[in-house]
Asks: 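Below is one structure. I have some questions about it.
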Amino acid sequence: MAAKQYQENLPLVLLHRLPSLNLPHRNRLSPHFLLLDPADSQEPISSFLSIHANSVRALLCVGYTPITSETLSLLPSLELIVAGSAGVDHIDLQECHRRGINITNASVAFAEDAADHAVALLIDVLRRVSPADRFVRGGSWPVMGDYPLGSKLGGKRVGIVGFGSIGSEVAKRLVAFGCSIAYNSRRRKPSVPFTYYANVGDLAAHSDILILSCSLTEETHHMINEDVMTSLGKEGVIINIGRGSLIDEKELVKFLVQGKIGGAGLDVFENEPDVPKELFCLDNVVLSPHRAVFTPESMEALIDLTCANLKAFFSNEPLQSLVQIY
Ligand SMILES: O=CC(=O)O
């Protein structure tokens with residue numbers, strides 16, 4: 001197969017995916033690129049890669065398939081990784097930086113849906129939509145009478161951690177709900193009109209709600225710890241659509257079980273798909289299975305972005321969603 005298409009001069013794109021992951025955009029990509037898929041080959045992956053190693057300049061990473069320094073060392077000609085995810089914590093970024101490999105991600109394709117999901121989790125926690133649904137379905141209404149009041153979203157002080165494309169979509173929505181916004185990110189963004197806190201603990205101390213939409217790095221691992229949750233306070237709510245390990249999850253469970261924070265809406269967890277069982281019986285906690293960014297529409301946007309990045313790369317034009325590596 002490769003030999004035929006090498007002749008057709010299509011640019012080579014290596015697919016990197018766990019065998020369980022499908023490539024929904026295969027039909028859209030294959031007219032323009034020769035997709036080298038180790039899953040199509042009988043060879044073990046290392047010999048497959050060694051055959052193509054020197055020809056592969058671009059790699060398409062499906063889902064969160066890890067890209068380690070070992071994988072990178074098999075691909076000496078690699079110049080570009082197109083990640084099909086917003087987060088790139090499954091990729092060895094420092095090694096990419098050292099090798100001069102660019103990375104693009106999917107945040108811009110996913111931002112609106114991720115932001116919608118963050119707001120959905122938040123409204124659910126504040127207004128107790130999911131537990132109220134269980135109350136009605138479980139037949140408790142006629143027996144127990146009025147359901148306890150939830151609290152209003154408008155007027156809340158929301159601290160957004162990570163103010164990239166997803167964080168700014170969250171802000172846009174919550175401004176419309178009448179919330180006041182502040183944010184924390186690596187550095188202050190001159191074009192953003194909201195109060196900036198360089199320290200996440202200070203942001204928590206000035207917020208009723210923390211929404212996590214930043215990337216997971218060595219610096220942000222467990223950034224939401226005992227001190228930050230204490231600063232957020234007993235009524236405070238945490239929404240996490242970033243990565244589970246942004247929060248010290250054991251500490252979060254303790255704070256929730258002991259009533260030391262007000263609630264949480266969580267789409268991501270430290271050891272997915274395992275979720276701490278202690279959370280299951282808490283009505284002030286809403287859980288979703290790492291689905292914030294996924295809609296049929298966001299998948300279409302991902303395909304468009306993937307094609308655009310690969311076409312730009314092979315025609316020496318600027319990439320559409322280059323990840324800055326610090
Ligand atoms: O979590 C989802 C993503 O990183 O795309």
Side-chain angles (χ1 to χ4, degrees), residues 13 16 57-69 71-72 75 78-115 118 159-172 181-194 196-200 203 211-224 240-243 245-246 268 292-293 298 301-302 304-326:
V13 176
H16 187 61
R57 295 172 57 216
L59 178 149
L60 174 54
C61 182
V62 183
Y64 316 119
T65 311
I67 301 188
T68 60
S69 59
T71 318
L72 296 169
L75 297 167
L78 194 64
E79 293 169 50
L80 174 70
I81 295 173
V82 176
S85 53
V88 288
D89 45 289
H90 53 295
I91 300 176
D92 187 334
L93 299 183
Q94 290 318 319
E95 186 59 16
C96 287
H97 189 55
R98 203 182 67 73
R99 290 175 176 270
I101 299 169
N102 280 325
I103 300 170
T104 61
N105 75 351
S107 290
V108 287
F110 290 163
E112 292 180 354
D113 294 289
I160 300 177
V161 182
F163 213 85
S165 42
I166 296 176
S168 57
E169 285 295 331
V170 172
K172 202 200 279 180
I181 307 290
Y183 74 104
N184 163 265
S185 62
R186 272 187 209 98
R187 49 183 77 106
R188 183 193 301 272
K189 307 204 167 195
S191 61
V192 170
F194 308 118
Y196 171 71
Y197 289 93
N199 179 287
V200 79
L203 178 68
I211 299 189
L212 311 183
S213 58
C214 62
S215 41
L216 176 64
T217 62
E218 269 173 34
E219 291 75 44
T220 61
H221 182 264
H222 282 194
M223 82 193 303
I224 308 301
N240 191 3
I241 53 157
R243 286 288 180 269
S245 299
L246 296 171
V268 285
V293 304
S298 73
L302 170 65
D304 291 343
L305 183 65
T306 301
C307 290
N309 273 314
L310 286 169
K311 284 181 181 168
F313 170 72
F314 286 112
S315 25
N316 288 324
E317 279 169 15
L319 297 166
Q320 306 258 317
S321 56
L322 183 66
V323 173
Q324 299 294 337
I325 303 178
Y326 294 89

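Both backbone and side-chain heavy atoms feed into the values below; hydrogens, waters and symmetry mates do not. Along the sequence shown, the residues carry numbers beginning at 1.
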Asks: Would you compute the distance between atom CD1 of I67 and atom CG of L75 and round it to the nearest 0.5 angstrom?
Replies: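 Rounded to the nearest 0.5 Å, the CD1-CG separation comes out at 9.0 Å.
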Asks: May I have the step-by-step check of side chain to side chain contact (heavy atoms under 4.5 Å, CB included) for L203 and V161, ending in yes or no?
Replies: CA-CA 9 Å; L203 178 68; V161 182; 3.8 Å; yes
Asks: Indicate yes or no for a side-chain donor-acceptor contact from T65 to the backbone of C61 under 3.5 Å, with no hydrogens or angles considered.
Replies: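 Between the backbone of C61 and the side chain of T65 there is no qualifying donor-acceptor contact (under 3.5 Å).
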Asks: Does V192 form a side chain to side chain contact (heavy atoms under 4.5 Å, CB included) with S168? I'd like the steps, not just the answer.
Replies: CA-CA 9 Å; V192 170; S168 57; over 6 Å; no
Asks: Can you check whether L80's main-chain N or O pairs, donor with acceptor, with N102's side chain at less than 3.5 Å?
Replies: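 Not at all, since once roles are kept as given, no pair shorter than 3.5 Å links the two residues.
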Asks: Side chain to side chain contact (heavy atoms under 4.5 Å, CB included) for S85 and H90? Distances and angles first, verdict last.
Replies: CA-CA 10 Å; S85 53; H90 53 295; 3.2 Å; yes
Asks: What is the distance from atom CZ of F163 to atom CD1 of I211, rounded to the nearest 0.5 Å?
Replies: 10.5 Å
Asks: Does L246 offer a backbone N or O that forms a donor-acceptor pair with the side chain of T220 under 3.5 Å?
Replies: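 No, the answer is negative, given that no donor and acceptor are paired below the 3.5 Å cut-off.
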Asks: Can you pull the side chain to side chain donor-acceptor pair (under 3.5 Å) pairs that have at least one residue in residues 310-326, sequence neighbours excluded?
Replies: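 For residues 310-326, and leaving out neighbouring residues, the side chain to side chain donor-acceptor pair (under 3.5 Å) pairs sorted by first residue read N309-S321.
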Asks: Does the side chain of S245 come within less than 4.5 Å of M223's, by heavy atoms?
Replies: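 No, side chains not in contact.
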Asks: Strictly distance-based, threshold 3.5 Å: is any side-chain N or O of H16 a donor or acceptor partner for the main-chain N or O of P66?
Replies: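 Such a contact is found between H16 side chain and P66 backbone.
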Asks: Might you work through the side chain to side chain contact (heavy atoms under 4.5 Å, CB included) test for I81 and L72, ending with a clear yes or no?
Replies: CA-CA 10 Å; I81 295 173; L72 296 169; 4.1 Å; yes
Asks: To the nearest 0.5 Å, what is the distance between CD on Q94 and OG1 on T217?
Replies: 9.5 Å
Asks: Can you tell me how far apart CD (E79) and CZ (F314) are? Round to the nearest 0.5 Å.
Replies: 8.5 Å
Asks: Taking all atoms of both residues into account, what is the closest heavy-atom pair of V88 and A83, and its distance?
Replies: CG1-CB, 3.9 Å
Asks: Can you name the nearest heavy-atom pair linking S215 to R186, along with the distance?
Replies: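 Taking S215 first and R186 second, the nearest heavy atoms are OG-NH2, 3.7 Å.
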Asks: Using modelled atom types only, decide if a donor and an acceptor are shared between the side chain of S213 and the backbone of G162 within a distance under 3.5 Å.
Replies: yes
Asks: Out of I241, N240, L212, which one pairs with V268 under the side chain to side chain contact (heavy atoms under 4.5 Å, CB included) rule?
Replies: N240
Asks: Strictly by salt bridge (Lys or Arg N to Asp or Glu O under 4.0 Å), give each pair with a member in residues 86-107 just once, sequence neighbours left out.
Replies: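 Qualifying pairs: D89-R243, E95-R98, E95-R99.
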Asks: Please tabulate, for side-chain N and O atoms in residues 103-110, each donor-acceptor pair with protein atoms closer than 3.5 Å (sequence neighbours left out).
Replies:
residue: N105; atom: ND2; partner: A86; partner atom: O; Å: 2.9
residue: N105; atom: ND2; partner: S107; partner atom: OG; Å: 3.1

Asks: Are there over 12 heavy-atom neighbours, none belonging to H221, within less than 6.0 Å of that residue's NE2?
Replies: yes
Asks: Mark yes or no for whether T68, through its side chain, and T71, through its backbone, hold a donor-acceptor pair below 3.5 Å.
Replies: yes
Asks: Compute the ring centroids of Y196 and Y183, then answer whether they are less than 6.0 Å apart.
Replies: yes
